[in-house]
Amino acid sequence: MNRIADVLHGPFDPGGQPDTRSGNPLELGFFAWNLACGMTASKAVLSDPPRLRDFWHWDSAVHLNQLAERIGYEYQVPFARWRGHGGPSGYNDDALDFLASAAALVPVTSSLGLFSTVHVTYKFHPLHIAKMGATIDFISGGRWGLNVVTGGPNTRENRMFGQDPFDHDEAYDIADEFVTCMKWLWASDDPIDFVGRYYQSYGGIVRPKPRRHPRPILMNAGNSPKGLDFAARHCDWVFLTGRTLDEYRDHITQVRTLADRYRRVVRPATMVYVVMAETDARAQAIVDWLESEVDREAVWSFVANRDRRPGSSFVSRYGSEYDYNDPWFGLGREQFMRTAFGLGAWHLYGGYDTVAEQIRALHQVGIESILTCFYDPLRGLHQMEDDVIPRLRKMGLRR
Ligand SMILES: Cc1cc2nc3c(=O)[nH]c(=O)nc-3n(C[C@H](O)[C@H](O)[C@H](O)COP(=O)(O)O)c2cc1C
């Protein structure tokens, strides 16, 4: 007898939420290691391609993830990209797949959390991701997690799947049903009948179950009102972006209020793009170099393909009119540079003291984890080990 899935929307946490705490007040994630240039849209990467552009090649990618694990990073997150943005740097033109790369990291790491990022609207069925994710979680001893994104921003990527972008807010309704169905499949020992508006599964079952109890960790990175509501209903982590510390504070309050309403816990995190050196002046010299070589073509490709649908946080922050002839494409210098370096991430630029202080400031407004991305990941991770993590320990942010 199949079990009727009588809940089709979040909040839905059969068996409760998984424990996500590592014991460090500020947790560390390693971001965007799986694609060409990472998050640096600059021709500067061409000065040393194996190190600055092609670190996603498997030998260096393994080394970087092992290094992140050895110095105490809690987890890695790939950037899910189906089509790059070209330009002279070949920005994001090569990208390792989000599920295969997590699976491939299992035997070469032992404690690192292994996330995948899925665009739920790109024609997956929840059973595909529930099954593949359960397998990676099973073989890794409970280390797999999923970053759920709705996949709206990129018109060209949608076209690659033979479709037009979904309405911004409807994409989150689709994601809500998708994740509810996945949670049923992970939780139920009996086959389920799930009859939703967007997804149906008759006699659906996943065996073996994921190893982590009650299920794998889920994160989301939507910052629009609808995105925050989705995170509050379903996820354990939410990745927020803010232009100021006050904006972070507001977002964190909003998420906490929503999560309380749903009687859930959602931990706020953010992504940071890091350029650091011995002194502020030396870090600034690197930033000046990256900026002077900025890959305008690649940035334009990103901006022109970006989400213009009503409801998206990008449109509410920056409008939907972009101008190729404006030096900053109509975004203003600061936002242009934030887009080119880190796709809107918080910029941590400076000497080690400055960077550690900025991390403390983020933690003080409520950020519990930072997802770090470096223009030179090998150097960046070593700097974290030698110069930043020791300072964070003194601040009581790391054990
Ligand atoms: C930490 C982080 C990771 C993200 N990863 C991806 C990704 O891998 N692929 C992608 O297409 N979008 C990614 N995004 C973009 C978001 O999924 C989302 O499109 C964006 O936040 C806009 O959604 P909103 O309008 O609800 O705010 C990421 C955003 C953040 C902050």
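Only heavy atoms go into these numbers, but all of them, side chains included; no hydrogens, no water, no symmetry mates. In each ligand, atom 1 is the first atom listed, and ligand 1 is the first ligand listed. This one's a predicted model, so the numbers in the text were calculated from it and none came from an experiment.
Judged purely by distance below 3.5 Å, without hydrogens or angles, the side chains of His234 and Asp176 pair a donor atom with an acceptor atom. Judged purely by distance below 3.5 Å, without hydrogens or angles, the side chains of Gln17 and Asp236 pair a donor atom with an acceptor atom.
At distances below 3.5 Å, not a single donor-acceptor pair connects side-chain atoms of Asp229 with backbone N or O atoms of Pro225.
Contact atoms of ligand 1 toward His119: 9 (N), 10 (C), 11 (O) (distance under 4.0 Å to a heavy atom of the residue). Of all atoms in ligand 1, numbered sequentially from 1 with element shown, those under 4.0 Å from a heavy atom of Phe31 are 3 (C). Within ligand 1, the atoms closer than 4.0 Å to a non-hydrogen atom of Thr117 are 7 (C), 8 (O), numbered from 1 in the order shown. When each atom of ligand 1 is checked for a heavy atom of His168 under 4.0 Å away, the hits are 24 (P), 25 (O), 26 (O). Interface atoms of ligand 1 facing Asn223, defined by a heavy-atom separation under 4.0 Å, are 24 (P), 26 (O), 27 (O). If you number the atoms of ligand 1 from 1 as listed, the ones under 4.0 Å from a heavy atom of Tyr172 come out as 23 (O), 24 (P), 26 (O).
Inclusion of Pro78 in the set of residues having an N or O under 3.5 Å from an N or O of ligand 1 is not warranted. By the 3.5 Å distance cut-off applied to N or O atoms, Ala221 is counted among the residues near ligand 1.
Checked against a 6.0 Å centroid threshold, the rings of Phe178 and Tyr198 do not count as neighbours.
Considering each of Phe79, Phe230, Tyr122, the one bringing a non-hydrogen atom nearest atom 6 (C) of ligand 1 is Phe79.
In the hydrophobic clustering of this structure, Trp56 groups with Leu378; members are Ile, Leu, Val, Met, Phe, Trp, Tyr whose side-chain heavy atoms approach within less than 4.5 Å, directly or through other members.
Taken to the nearest 0.5 Å, the NZ atom of Lys43 stands 8.5 Å off from the CD atom of Glu297.
Contact record, Ala171 with Thr121: CB-CG2, 4.2 Å, taken as the closest heavy-atom pair. Tyr73 and Phe30 get closest at one heavy-atom pair: CD2-N, 3.6 Å.
Residue contacts with ligand 1 for Leu240 are absent, since no atom lies close enough (heavy atoms, distance under 4.0 Å).
Not a single heavy atom of Leu343 sits closer than 4.0 Å to an atom of ligand 1.
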